[in-house]
A.B. asks: 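First the structure, which I've put down as structure tokens, then a few questions once you've had a look.
Read the numbers this way: they start at 1 and go in the same order the structure lists the ligands and their atoms.
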Amino acid sequence: MKKKETSPANIVIFGGKGDLAWRKLIPAFYNLFINGFLPGQFAIYGVHYEKMDQKDYEAHLLKGVNTFSRSGPAKKEQWKKFVQHIFFFEGDFTADDTFRRLAVTLTKNDKEWKNRAVRLFYYSVSPRFIEPISLLLSKFALADEVLRDRIVVEKPFGSDLHTAMELNQLLTKHFKESQIYRIDHYLGKETVQNLMTFRFANIVYESVWNHNYIDHIQITVAENIGVGGRGNYYEQAGALRDMIQNHLLQLLCVTAMEPPVSMDAEDIRNKKVDVLKAVRPLTKTDVKRNVVRGQYGAGTLNGKKQVPYRKEKNINPKSNTETFVALKLFVDNWRWQNVPFYLRTGKCLGKSTSLIVIQFKQIPHNLFGNKILFDPKPNQLIISIQPEMEISLLFHAKEPGVKLQIRPVEMDFTYKESYDAPVPEAYETLLLEALECDATLFMRADQVEAAWKVVTPILESWKKESPLHFPNYQPGSWGPKAAEALVKKDDRCWTLLPENGIIKNRVKKMK
Ligand code: BG6
């Protein structure tokens with residue numbers, strides 16, 4: 001990461017004792033700190049409604065860093081220096097008093113630092129607190145300097161188009177759009193950012209990145225864990241709202257967008273929103289034919305017993321919430337005419353993996369004949385976002401030998417082999433960008449609304465029709481059978497990145 005001179009910063013985390021702060025935010029700030037990315041003068045306030053001793057708060061956060069930091073357990077000296085910047089701040093998110101005291105504290109820091117510091121207010125809270133926090137920040141003029149003050153809002157951004165629009169209206173009543181940073185942590189992932197570089201810094205791919213050469217695109221975000229302790233939230237959300245509306249559609253945007261005119265945040269975000277606007281609206285028939293939902297039943301996952309979704313904590317035993325979605329979309333513009341985009345995501349699947357697969361078209365004329373051409377469709381570009389971070393290109397090559405035999409080979413770029421430096425966590429990148437006032441990796445109001453528009457026909461159809469066969473897939477599988485059928489009826493199949501390399505696996509199958 002390039003180090004920039006950062007201005008002093010007052011960082012306020014509403015929900016400072018919550019799970020996100022514990023697992024992600026504080027470990028990310030810690031890594032930014034030890035790598036020299038935070039300003040010399042900064043303070044982090046963890047706001048929480050219950051009383052807590054500062055020492056206990058520090059111990060709680062240290063445990064989080066030791067457990068979740070990518071750089072391993074904190075070093076004593078480094079932690080000692082870092083923790084001097086962190087303060088527990090008892091306060092009700094809905095009470096004037098909290099914000100009055102915050103105003104006094106932040107102004108005192110400004111005086112001490114002889115500089116009006118940047119203010120970052122992080123909403124790591126349940127959606128019902130967004131309104132009171134915004135109102136009170138505004139009432140106490142805490143975020144009045146448009147160029148210095150910003151808020152970071154976590155998903156969910158509403159639960160449908162209507163509530164998202166209401167939320168956007170509410171936020172823009174109190175802040176300028178340029179101050180609102182809506183987080184989608186997928187945009188902070190190193191491999192997702194690299195996709196833009198890959199596409200727009202290399203002429204070789206850009207020239208074939210269109211319907212003339214691409215047969216279809218697959219975007220898979222699979223998790224091999226269940227909903228765990230998040231039943232309360234998940235039961236209301238489901239996979240469509242939790243993953244497709246945001247993370248998968250963002251991946252679709254980065255894959256399908258036109259080259260932006262500049263690296264300016266607005267130019268990039270304009271091109272992304274264009275993709276969402278061009279998604280062909282799904283009709284009722286499309287939803288029936290091209291959207292599959294699933295829910296996991298009982299079984300075994302990673303060698304352990306997995307309870308069915310309906311028996312998870314805080315889940316309705318008759319729940320119809322989906323834990324799996326697969327769908328087919330089209331982007332109606334010149335570049336992507338009639339190229340299907342298959343998206344799928346689910347909990348309790350065979351493996352945790354996030355992949356974008358670009359399947360190129362077949363050669364127009366096969367010179368070699370079926371006997372020597374083992375796999376007619378090898379031209380594939382596989383972008384593995386996680387856990388492997390790699391980009392693989394599959395192409396045909398002649399196998400060494402006196403006879404002409406052609407098999408696919410694989411050309412790989414892996415982060416592990418190419419770079420020594422460790423890769424930052426998405427939250428590190430995003431927090432630093434927010435501190436430096438760069439909104440490129442955050443979502444604009446119109447983007448969020450356009451994404452809701454894409455999924456609205458599905459939400460409406462599903463509201464009217466309950467799923468018939470839930471639960472319909474086993475933990476450890478790849479989802480309901482209908483998800484396989486969705487691609488199979490188009491004479492295609494889902495691609496995965498097998499543990500031991502694509503080619504080895506394919507060749508084995510072909511022999
Ligand atoms: C979150 C979802 O936004 O992303 C979770 O709410 C999901 O349900 C998570 O598990 C996946 O993120 P990652 O970075 O682990 O792929």
A.B. asks: Dump the intermediate steps for salt bridge (Lys or Arg N to Asp or Glu O under 4.0 Å) on Glu436 and Arg150, then the final yes or no.
C.D. replies: CA-CA 10 Å; Glu436 289 177 348; Arg150 54 217 73 143; over 6 Å; no

A.B. asks: Taking side-chain hydrogen bond (donor to acceptor under 3.5 Å, both in side chains) as the cut-off, I'd like each qualifying pair that reaches into residues 474-488, sequence neighbours left out, listed once.
C.D. replies: none

A.B. asks: Filter on side-chain hydrogen bond (donor to acceptor under 3.5 Å, both in side chains), then keep only pairs touching residues 217-235, sequence neighbours left out; what's left?
C.D. replies: His216-Gln218, Thr220-Arg344, Glu223-Lys347, Asn224-Asn302, Asn224-Ser352, Tyr233-Asp242, Glu235-Tyr309, Glu235-Ser319, Glu235-Thr321

A.B. asks: How would you list all residue pairs meeting ring-ring contact (aromatic ring centres under 6.0 Å, His included) that involve residues 425-465, not counting sequence neighbours?
C.D. replies: Tyr181-Phe442, His185-Tyr427

A.B. asks: What does the list of residues with a heavy atom under 4.0 Å from ligand 1 look like, ordered by chain and number?
C.D. replies: Lys155, His185, Tyr186, Lys189, Glu223, Arg230, Asp242, Met243, His247, Lys347, Gln386

A.B. asks: So which of Tyr123, Phe14, Phe93 actually passes side-chain contact (heavy atoms from CB on, under 4.5 Å) with Ile130?
C.D. replies: Tyr123

A.B. asks: Flag the pair Glu322 and Arg241 as a salt bridge only when some basic side-chain nitrogen lies within less than 4.0 angstrom of an acidic carboxylate oxygen.
C.D. replies: no

